[in-house]
Amino acid sequence: MTETTTPRAGVAGHLQYWLACVFVVGWTGVICGGLAVQFGTWDYPCPLCMLQRMFMALAALGAAVIVRRGMLGVITARDYMSGWGLALIACIAGGFTSWRQTMLHINDWQKPDGPVGYGGAVLGLHLYVWAWILFVAAVFAIGLVLSFGHGTAASGFAATGGHRAVGMIALWFLGAVLVVNLVSVFCLAGLHWFLPDDPDRYQLFYDLGILK
């Protein structure tokens, strides 16, 4: 039994660590896409948009738990379950949030003057529709990972060399983007507790008197 499971743990057992790295970078990249649209087209995100970004960040942080534990060299089955479980909860919640925003604008698509909605469209779909698609796809992906977890997860896995370098890049990438997003939200909300339903400016600069 030991002879057949050890090679699998050494080769296929690395798979979940790499999938976690991809998950972190992937969701961070999606948040970057939202930031690019925000700053590139002056498209101000609404509270639901920001909430979706928060769930994307939470999904990435769930996978980041696995990456970080692997870098410490003490990863266990509990770490896998905790990381993917957190990511799954985030994707389900994010999927519901993006679905709700899509439903809020679904009637707009039936207007005679063509499909409209909140913000601009990318490849014919609004960002919240893309978010819903990605959240649903991520739920299925996590389900597959957990279904084959017995063969793709290695307890005691230590990320060294290239594994550690990739993990470090993924975590720093996530951290930097989260800081940018946090600053973006603060600038949008300004010195107020709540973000407007339909923001049209970076309120902080007006609150401080920089812009009038």
Side-chain angles (χ1 to χ4, degrees), residues 19-20 22-66 81-111 115-146 173-190 192-203:
L19 287 174
V22 170
F23 210 79
V24 172
V25 173
W27 277 121
T28 307
V30 173
I31 297 174
C32 282
L35 290 170
V37 172
Q38 176 182 341
F39 296 127
T41 64
W42 293 97
D43 193 358
Y44 304 98
C46 68
L48 280 175
C49 296
M50 298 310 304
L51 188 59
Q52 289 164 53
R53 288 189 194 177
M54 292 178 185
F55 285 126
M56 292 174 184
L58 187 61
L61 287 171
V65 170
I66 299 173
M81 294 297 101
S82 298
W84 290 125
L86 178 61
L88 183 60
I89 292 172
C91 290
I92 293 174
F96 175 78
T97 305
S98 54
W99 170 84
R100 183 177 185 275
Q101 189 172 10
T102 300
M103 293 299 104
L104 288 175
H105 297 287
I106 195 70
N107 289 332
D108 292 338
W109 300 345
Q110 301 174 2
K111 293 181 178 179
V116 295
Y118 187 86
V122 177
L123 298 178
L125 297 177
H126 291 280
L127 294 183
Y128 43 84
V129 180
W130 281 116
W132 179 75
I133 294 173
L134 292 174
F135 278 127
V136 171
V139 169
F140 279 99
I142 294 173
L144 287 174
V145 170
L146 294 178
F173 180 38
L174 173 61
V177 172
L178 290 183
V179 170
V180 172
N181 193 64
L182 180 62
V183 173
S184 168
V185 175
F186 181 56
C187 291
L188 278 169
H192 304 275
W193 286 108
F194 300 102
L195 186 66
D197 291 337
D198 190 6
D200 57 357
R201 61 184 182 179
Y202 289 99
Q203 185 62 40

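Within the 4.5 Å cutoff, side-chain heavy atoms of Thr97 are placed close to those of Leu48. Contact check for Cys49 versus Gln101: side-chain heavy atoms found under the 4.5 Å cut-off. Side-chain contact between Arg53 and Val177 is absent, with no heavy atoms from C-beta onward closer than 4.5 Å. Inter-residue side-chain proximity for Asn181 and Met54 is flagged as unmet; no heavy-atom pair is nearer than 4.5 Å. Inter-residue side-chain proximity for Met56 and Val30 is flagged as met; some heavy-atom pair is nearer than 4.5 Å. Residues Met81 and Leu146 are in side-chain contact: their nearest non-hydrogen atoms beyond the backbone lie under 4.5 Å apart. Here the side chains of Pro47 and Phe194 are not in contact, with every heavy-atom distance at 4.5 Å or above. Considering only heavy atoms from C-beta on, Ser98 comes within 4.5 Å of Phe135 through its side chain.
Considering SG of Cys46 and CG of Leu195, their distance stands at 8.0 Å, rounded to 0.5 Å. Here Phe173 contributes atom CZ and Ile31 contributes atom CD1; the two are 9.0 Å apart, rounded to the nearest 0.5 Å. A distance of 10.5 Å separates CZ of Phe39 from SG of Cys32, quoted to the nearest 0.5 Å. Distance check: Leu86 CG to Ser82 OG gives 8.5 Å after rounding to the nearest 0.5 Å. Taken from CG in Leu58 to CG in Leu88, the straight-line distance is 11.0 Å, to the nearest 0.5 Å.
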inquiry  = Test side-chain hydrogen bond (donor to acceptor under 3.5 Å, both in side chains) on Arg100 and Gln52; report intermediate values, then the result.
reply    = CA-CA 11 Å; Arg100 183 177 185 275; Gln52 289 164 53; over 6 Å; no
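In terms of heavy-atom proximity, Val24 sits nearest to Ala60 at CG2-O, 3.4 Å. Closest heavy-atom contact between Gly83 and Ile66: CA-CG1, 4.1 Å. Nearest heavy-atom pair across Ala138 and Cys91 is CB-SG, 3.6 Å.
Checked against a 6.0 Å centroid threshold, the rings of Tyr44 and Tyr202 count as neighbours.
Using a distance-only test at 3.5 Å, with no hydrogens or angles considered, a donor-acceptor pair links the side chain of Thr41 to the main chain of Val37.
Among the candidates Leu61, Leu174, Val22, Leu134, the single residue satisfying the side chain to side chain contact (heavy atoms under 4.5 Å, CB included) test with Trp27 is Leu134.
A 6.0 Å sphere centred on CH2 of Trp84 holds more than 12 heavy atoms belonging to other residues, nucleotides or ligands.
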